[in-house]
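Single-structure report; data block below.
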Amino acid sequence: AGRTLAALPADHPRFAVGRKDYDPADGLPDSSELRAAIRQLPRRDRDVIERRLRGETLETIGAALGVTKERVRQIETRATQALRGVLAGV
């Protein structure tokens, strides 16, 4: 079985959103479980996560959504925490 987002420690590079070399795809499994969890997110959260997984920058996403890059980072952080909970069965 592959690793799940919930199985990663909180200090894993996947969660180091503020790092310059941050890659939102680090450590994520390519699984139907993850895709199902992403589908459970609110639309805006899902949109941010999907765009980040495609490699879009905070600035690009912010411009598309009409918010600042800081707001996008906050949404991404909230969505990542929600995904952890969903994948952990909380």
Side-chain angles (χ1 to χ4, degrees):
R3 291 171 28 182
T4 66
L5 189 62
L8 298 176
D11 62 347
H12 187 277
R14 166 63 184 99
F15 302 116
V17 177
R19 283 190 12 222
K20 193 153 189 94
D21 63 342
Y22 167 69
D23 181 352
D26 282 349
L28 288 178
D30 181 25
S31 71
S32 59
E33 181 181 348
L34 178 60
R35 287 189 293 276
I38 290 172
R39 283 193 299 271
Q40 292 181 39
L41 294 172
R43 183 178 183 94
R44 185 178 227 182
D45 293 11
R46 183 176 61 237
D47 189 32
V48 167
I49 290 293
E50 289 173 345
R51 287 170 176 255
R52 291 293 282 158
L53 289 171
R54 287 192 303 262
E56 291 186 41
T57 65
L58 298 174
E59 294 89 345
T60 302
I61 299 168
L65 299 178
V67 298
T68 65
K69 68 179 183 178
E70 174 60 20
R71 183 65 188 131
V72 174
R73 188 199 60 75
Q74 293 168 354
I75 293 167
E76 180 182 27
T77 298
R78 179 184 65 213
T80 300
Q81 291 170 346
L83 284 173
R84 270 195 222 136
V86 169
L87 292 171
V90 173

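Predicted model only: the values in this text are computed from it and were never measured. FYI, side chains are in, hydrogens and waters are out, and symmetry mates aren't considered; it's all heavy atoms of this structure.
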Sorted by chain and residue number, the salt bridge (charged side-chain N to carboxylate O under 4.0 Å, His left out) partners of R78 (sequence neighbours excluded) come out as D45
By side chain to side chain contact (heavy atoms under 4.5 Å, CB included), R43 pairs with (sequence neighbours left out) R46
Between A79 and I49 the two heavy atoms that sit nearest each other are CB-CG1, 3.5 Å
For L87 and A37 the tightest heavy-atom approach is CD2-CB, 3.8 Å
Residues passing the side-chain hydrogen bond (donor to acceptor under 3.5 Å, both in side chains) test with Q74, sequence neighbours excluded, are E70, R71
Classify the side-chain pair T80/T77 by whether it contains a donor and acceptor separated by less than 3.5 Å. no
Worksheet item: Do E76 and I61 touch side chain to side chain, with heavy atoms closer than 4.5 Å?
Response: no
Those residues at least two apart in sequence (or on a different chain) that pass side-chain hydrogen bond (donor to acceptor under 3.5 Å, both in side chains) with T68 are none
Side chain to side chain contact (heavy atoms under 4.5 Å, CB included) filter on Q40, not counting sequence neighbours, yields V86
In short, L83 meets I38 closest at the heavy-atom pair CD2-N, 3.7 Å
E50 meets the salt bridge (charged side-chain N to carboxylate O under 4.0 Å, His left out) criterion, sequence neighbours left out, with none
Taken in chain and number order and not counting sequence neighbours, the residues that satisfy side-chain hydrogen bond (donor to acceptor under 3.5 Å, both in side chains) with R51 are D47, E56
